[in-house]
Amino acid sequence: MSWPDLPAEFRRTGFRRLLSDLSQRHLSEANLLRRDGVKPAEVRALLKFLAARHVLDVRQAEPATSRWRPDLAGWLRRLTA
């Protein structure tokens, strides 16, 4: 499978990096919007372009997990008591 032909507006290095990242793993839109070198409106335009050509694999994000592990809560309380 190859990358889609990109119009001139998406032929900058920042867009190539985004496409490279997207080809390696699923990334959230929020994660893509934080990337350097591409403005949020440009990221959304690229995603819209890819979706219109049916080359964007979209899936539901997994629920966020807490970094706090409840099984350690008692242990930490004992250390600080």
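Keep in mind that this is a model prediction, so the values were computed, not measured. Side-chain atoms are counted along with the backbone in the values below, which use heavy atoms only and exclude waters and symmetry mates.
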Engineer: Rounded to the nearest 0.5 Å, how far apart are CG of Asp21 and CZ of Arg16?
Structural biologist: 14.0 Å
Engineer: Step by step, work out the side chain to side chain contact (heavy atoms under 4.5 Å, CB included) result for Leu50 and Leu22.
Structural biologist: CA-CA 11 Å; Leu50 296 172; Leu22 285 169; 4.3 Å; yes
Engineer: Would you compute the distance between atom CG of Leu18 and atom OG1 of Thr13 and round it to the nearest 0.5 angstrom?
Structural biologist: 11.0 Å
Engineer: Using the test salt bridge (Lys or Arg N to Asp or Glu O under 4.0 Å), find all partners of Glu29 that sit at least two apart in sequence or belong to another chain.
Structural biologist: Arg44
Engineer: Go through the structure and list residues passing salt bridge (Lys or Arg N to Asp or Glu O under 4.0 Å) with Arg34, not counting sequence neighbours.
Structural biologist: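 Checked Arg34 against salt bridge (Lys or Arg N to Asp or Glu O under 4.0 Å); zero matches.
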Engineer: Whether the side chain of Arg53 engages the backbone of Asp5 through a donor-acceptor N/O pair (distance < 3.5 Å, no angle test) should be reported.
Structural biologist: no
Engineer: Return the CZ to CG distance between Phe10 and Leu19, rounded to the nearest 0.5 Å.
Structural biologist: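 Separation between the atoms: 9.5 Å.
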Engineer: Which atom names give the shortest non-hydrogen contact between Leu32 and Leu47, and what distance separates them?
Structural biologist: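 That closest heavy-atom pairing would be CD1-CD2, 3.9 Å.
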Engineer: Taking all atoms of both residues into account, what is the closest heavy-atom pair of Asp57 and His26, and its distance?
Structural biologist: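 Nearest pair, atom of Asp57 first, then His26: OD2-NE2, 3.0 Å.
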Engineer: Could you grab the distance from atom CD of Glu42 to atom CZ of Arg35, nearest 0.5 Å is fine?
Structural biologist: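 Glu42 atom CD to Arg35 atom CZ measures 15.0 Å (nearest 0.5 Å).
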